[in-house]
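Inspection log for the structure reproduced underneath, given as structure tokens.
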Amino acid sequence: SRYYQSLMMNRLQLSAEDVRVIPIGIETHNGPSASLTLTPPVVGFLSKLSEPLGLDILAAAVLELKHSPTLSSLKLRATGGLTADDRPFVAAIRKQFADAGFPGDFEIQEDFSLPARRRFLASLSVLSVPMRRGEAFGVYILEALASGVPVVQPALGAFPELLAETGGGVCYEPNTPAALAAALGYQLETEGLVDAGFMSSHTTGYGQYRAYFMGEADGVPKTPEWAEAITAVPAAATRQLAREFGSAKPACLLPGWGP
């Protein structure tokens, strides 16, 4: 990928003429193609069933979507293998679905051989592997597209260029709530709307977080303009929200109660 080309050029001090991009391909097949049925809709995960690759992020998104009447039958289906170390992590996700009242809507396909993966992909409505860090390519994306399955990926690593060239899905900006929260903190501090006494007596770690969003830790103040480039939330809207929240007495934010 061009992403990996750029990465290696920087690491090895090479020029563009020294590194040529040869895109990875897969062998196409005459196996089953996805029907993209929505009865029920199925979100798929095709990678190692582990935290770094974002299975828990996808599970949380599916559980959120299931609160919509039109997506109450939504299922999460995963394959890709797991080690003994991963089993407690997967068990915790199973418990989340059970506690939410959906014990049968999280499925794991143990066999992830090539024929099994093709059958797995044919059963999906969409595929997503919301890993926490990008990668150089992502062969599972090509496997999904070859089966007619659209993908939704974070805008990390090679994912944006791959989806731009194939038109086989969409990218989203990861971790935008954190960027927005940092910008709100910056605005509250710069306008003198933070109760320093309360933060000192009733919270732990605020000083370190303040150093982060004020830019004291890395030299980058987390201004509303900084957040706008990541979240697409207008800087003026962030400022107004911070002022309203900072001036309301009392004020409370309830995470997870959004639409």
Side-chain angles (χ1 to χ4, degrees), residues 34 38 40-68 70-112 116-117 120-121 123-141 143-144 149-160 162-163 169-182 205 209 212 227 230-231 253-259:
L38 296 178
V42 179
V43 176
F45 178 94
L46 175 54
S47 196
K48 186 172 182 285
L49 310 184
S50 64
E51 184 175 6
L53 296 177
L55 179 58
D56 56 324
I57 297 175
L58 186 57
V62 168
L63 286 172
E64 182 70 22
L65 290 172
K66 284 179 69 62
H67 291 298
S68 169
T70 58
L71 291 172
S72 59
S73 62
L74 184 66
K75 292 181 178 293
L76 172 57
R77 188 168 294 152
T79 192
L82 70 164
T83 65
D85 290 339
D86 299 320
R87 293 192 180 278
F89 167 73
V90 173
I93 295 177
R94 284 194 187 278
K95 186 176 185 302
Q96 290 175 2
F97 273 76
D99 291 347
F102 311 117
D105 290 342
F106 174 46
E107 305 171 359
I108 293 180
Q109 179 177 299
E110 297 283 351
D111 183 2
F112 57 98
R117 289 203 308 274
F120 168 81
L121 289 166
S123 73
L124 304 182
S125 307
V126 63
L127 179 85
S128 182
V129 182
M131 58 177 51
R132 288 171 163 84
R133 300 180 65 180
E135 64 180 24
F137 202 75
V139 173
Y140 50 83
I141 293 179
E143 291 184 299
V149 180
V151 299
V152 177
Q153 288 298 111
L156 296 171
F159 298 144
L162 178 57
L163 294 182
V170 297
C171 281
Y172 65 92
E173 289 288 354
N175 301 324
T176 54
L180 179 57
Y209 186 50
Y212 166 73
I230 301 172
T231 66
L253 292 178
L254 298 177
W257 280 42

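Computed from a predicted model, the values in this text were never measured in an experiment.
In this structure, CZ in Arg77 is found 7.0 Å from CG in Leu124, a value given to the nearest 0.5 Å. Between the OG atom in Ser73 and the NZ atom in Lys66 there is a gap of 6.5 Å [rounded to 0.5 Å]. A distance of 8.5 Å separates OG1 in Thr79 from CZ in Arg117, rounded to the nearest 0.5 Å. The CG atom of Leu46 lies 11.5 Å from the OG atom of Ser128; values are rounded to the nearest 0.5 Å.
Here the closest non-hydrogen pair linking Ala78 and Phe106 is CB-CE1, 4.4 Å. In terms of heavy atoms, Ala100 sits closest to Leu63 at CB-CD2, 4.1 Å. Taking every heavy atom of both residues into account, Leu58 and Gly44 meet most closely at CD2-O, 3.9 Å. Minimum interatomic distance between Pro154 and Pro130 (heavy atoms only, all atoms of both residues): CD-CA, 3.8 Å.
For Val170, the side chain to side chain contact (heavy atoms under 4.5 Å, CB included) criterion is met by Val152, not counting sequence neighbours. Under the side chain to side chain contact (heavy atoms under 4.5 Å, CB included) criterion, Ala116 pairs with Gln109, Asp111, Ser113, Arg119, not counting sequence neighbours. The side chain to side chain contact (heavy atoms under 4.5 Å, CB included) search around Ala61 returns none, not counting sequence neighbours. Taking Asp86 as the reference, Lys48, Thr83 meet the side-chain hydrogen bond (donor to acceptor under 3.5 Å, both in side chains) condition, with sequence neighbours excluded.
The only member of Val43, Leu76, Leu74 that meets side-chain contact (heavy atoms from CB on, under 4.5 Å) when paired with Leu65 is Leu74.
Phe45 has its side chain within reach of Leu53: a pair of non-hydrogen atoms, C-beta onward, lies under 4.5 Å apart. At least one side-chain heavy atom of Leu163 sits less than 4.5 Å from a side-chain heavy atom of Ile141. Between Pro41 and Lys75 there is no side-chain heavy-atom pair separated by less than 4.5 Å.
A donor-acceptor distance shorter than 3.5 angstrom exists from the side chain of Gln153 to the backbone of Val129, with no hydrogens or angles considered.
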Which side-chain N or O atoms in residues 87-97 pair as donor and acceptor under 3.5 Å with protein atoms at least two apart or in another chain?
unit_1 : atom_1 : unit_2 : atom_2 : d
Lys95  : NZ     : Asp99  : OD2    : 2.7

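Counting only residues at least two apart or in different chains, side chain to side chain donor-acceptor pair (under 3.5 Å) contacts with residues 49-59 comprise Asp56-Arg132.
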message: The test is side chain to side chain contact (heavy atoms under 4.5 Å, CB included); show your working for Glu110 and Leu82 and say whether it passes.
response: CA-CA 9 Å; Glu110 297 283 351; Leu82 70 164; 4.2 Å; yes
